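Note that this is a predicted model, so its numbers are computed, not measured. The chains referred to below are lettered A, B, ... by the order of the sequence lines, with proteins before strands, and numbering in each begins at 1.
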Amino acid sequence: DAGVIQSPRHEVTEMGQEVTLRCKPISGHNSLFWYRQTMMRGLELLIYFNNNVPIDDSGMPEDRFSAKMPNASFSTLKIQPSEPRDSAVYFCASSFVRGRGNYGYTFGSGTRLTVV
Amino acid sequence: QQQVKQSPQSLIVQKGGISIINCAYENTAFDYFPWYQQFPGKGPALLIAIRPDVSEKKEGRFTISFNKSAKQFSLHIMDSQPGDSATYFCAAANSGYSTLTFGKGTMLLVSP
């Protein structure tokens with residue numbers, strides 16, 4: 001298995017532009033998570049999907065952020081319009097969750113977003 | 001509200017020494033405590049995890065010690081090696097809910 005695949009690896013965009021980050025989870029995993037990592041705030045959960053359904057989006061900072069999971073093998077995180085304070089590394093992670101078990105996340109390599 | 005507090009922020013240890021990273025949590029519903037290791041340019045990777053029914057778990061040179069009454073847990077890296085230089089994150093979850101809350105991370109440098 002190739003693991004969790006994120007694209008692009010790096011994105012530089014101008015303030016006000018739309019940014020779309022993509023994630024392909026591990027086949028067979030039923031849960032997908034989007035995290036944002038900054039020096040100041042560490043790893044913050046943005047949104048959690050289970051069986052393609054958004055379960056918790058309380059971490060999405062503003063209406064400018066939206067996430068979709070149209071099928072079990074693909075998810076997107078969109079920022080529209082982007083702002084300089086959105087600059088961070090965005091990670092996607094997937095996991096297989098059954099019952100009360102948390103079987104550990106597998107993270108992608110992240111997308112480093114810079115908004116200028 | 002930060003639910004998992006991690007210390008120290010950074011740590012320098014000589015090769016062969018013991019690295020110790022500590023975490024404290026507030027939510028008594030947490031019942032799954034993993035540690036993740038992150039190298040530059042990579043995503044965090046699961047290193048070792050513990051549930052509160054045991055006080056210690058060891059995997060090779062890595063040991064988690066867990067103190068339920070104090071709501072604290074720690075990672076010990078024995079015989080630390082330069083290849084262990086990375087950022088380490090503790091985390092906690094209520095396994096009925098499945099999302100992890102992470103500490104802010106500890107940058108470990110093992111000097112040769």
Side-chain angles (χ1 to χ4, degrees), chain A residues 2-10 21 23-26 29-51 53-60 88-112, chain B residues 1-10 21-25 27 29-53 57 59 62 64 73 75 86-108:
Chain A
V4 176
I5 300 173
Q6 290 188 246
S7 63
R9 287 298 311 274
H10 303 275
L21 311 181
C23 175
K24 176 178 169 54
I26 290 175
H29 281 187
N30 62 359
S31 296
L32 183 139
F33 311 83
W34 281 100
Y35 278 83
R36 177 171 67 176
Q37 184 177 37
T38 61
M39 288 296 293
M40 288 294 295
R41 301 174 70 89
L43 279 161
E44 301 175 278
L45 176 67
L46 299 177
I47 188 167
Y48 157 46
F49 291 88
N50 182 259
N51 292 321
V53 176
I55 303 299
D56 182 1
D57 65 354
S58 60
M60 297 285 264
V89 181
Y90 290 80
F91 286 103
C92 174
S94 70
S95 176
F96 180 74
V97 176
R98 181 180 64 213
R100 285 184 56 80
N102 185 315
Y103 295 90
Y105 293 5
T106 301
F107 281 82
S109 294
T111 295
R112 181 174 294 277
Chain B
Q1 180 186 11
Q2 183 185 2
Q3 295 192 48
V4 181
K5 294 184 179 180
Q6 184 172 347
S7 63
Q9 277 188 306
S10 61
I21 304 170
N22 300 299
C23 282
Y25 62 97
N27 188 343
F30 287 151
D31 60 359
Y32 175 74
F33 303 91
W35 285 88
Y36 281 77
Q37 179 187 56
Q38 183 181 29
F39 293 106
K42 301 291 186 183
L46 179 64
L47 186 63
I48 187 173
I50 196 169
R51 294 192 184 273
D53 52 343
K57 183 173 181 180
E59 289 185 2
F62 300 90
I64 300 179
F73 58 109
L75 177 69
T87 300
Y88 292 82
F89 294 92
C90 62
N94 173 346
S95 59
Y97 190 57
S98 303
T99 60
L100 287 172
T101 299
F102 285 88
K104 287 199 170 183
T106 297
M107 291 183 61
L108 171 66

Side chain, backbone, both or neither: which part of P44(B) has a non-hydrogen atom closer than 4.5 Å to chain A?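 Both backbone and side chain of P44(B) come within 4.5 Å of chain A.
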
Just one of Y88(B), F89(B), F102(B) clears the ring-ring contact (aromatic ring centres under 6.0 Å, His included) bar with Y36(B), so which one?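 For Y36(B), the ring-ring contact (aromatic ring centres under 6.0 Å, His included) test succeeds with only one of Y88(B), F89(B), F102(B), which is F102(B).
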
Look at the aromatic rings of F107(A) and Y105(A) and report parallel, tilted or perpendicular, splitting at 30° and 60°.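 Tilted: the ring planes of F107(A) and Y105(A) meet at 30° to 60°.
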
Non-hydrogen atoms of chain B under 4.5 Å away: do they reach the side chain of [X], the backbone, both or neither?
X: R112(A); result: neither
X: L45(A); result: side chain
X: Q37(A); result: side chain
X: M40(A); result: backbone

Within-4.5 Å side-chain heavy-atom neighbours: S31(A) and Y48(A):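 Sidechains of Y48(A) and S31(A): in contact.
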
Could you check whether any side-chain heavy atom of Q6(A) comes within less than 4.5 Å of a side-chain heavy atom of L21(A), counting everything from C-beta outward?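 Q6(A) does not reach L21(A) side chain to side chain.
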
Surrounding CZ of R9(A) (heavy atoms of other residues, nucleotides or ligands, distance under 6.0 Å), is the total greater than 12?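 More than 12 within 6.0 Å, yes.
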
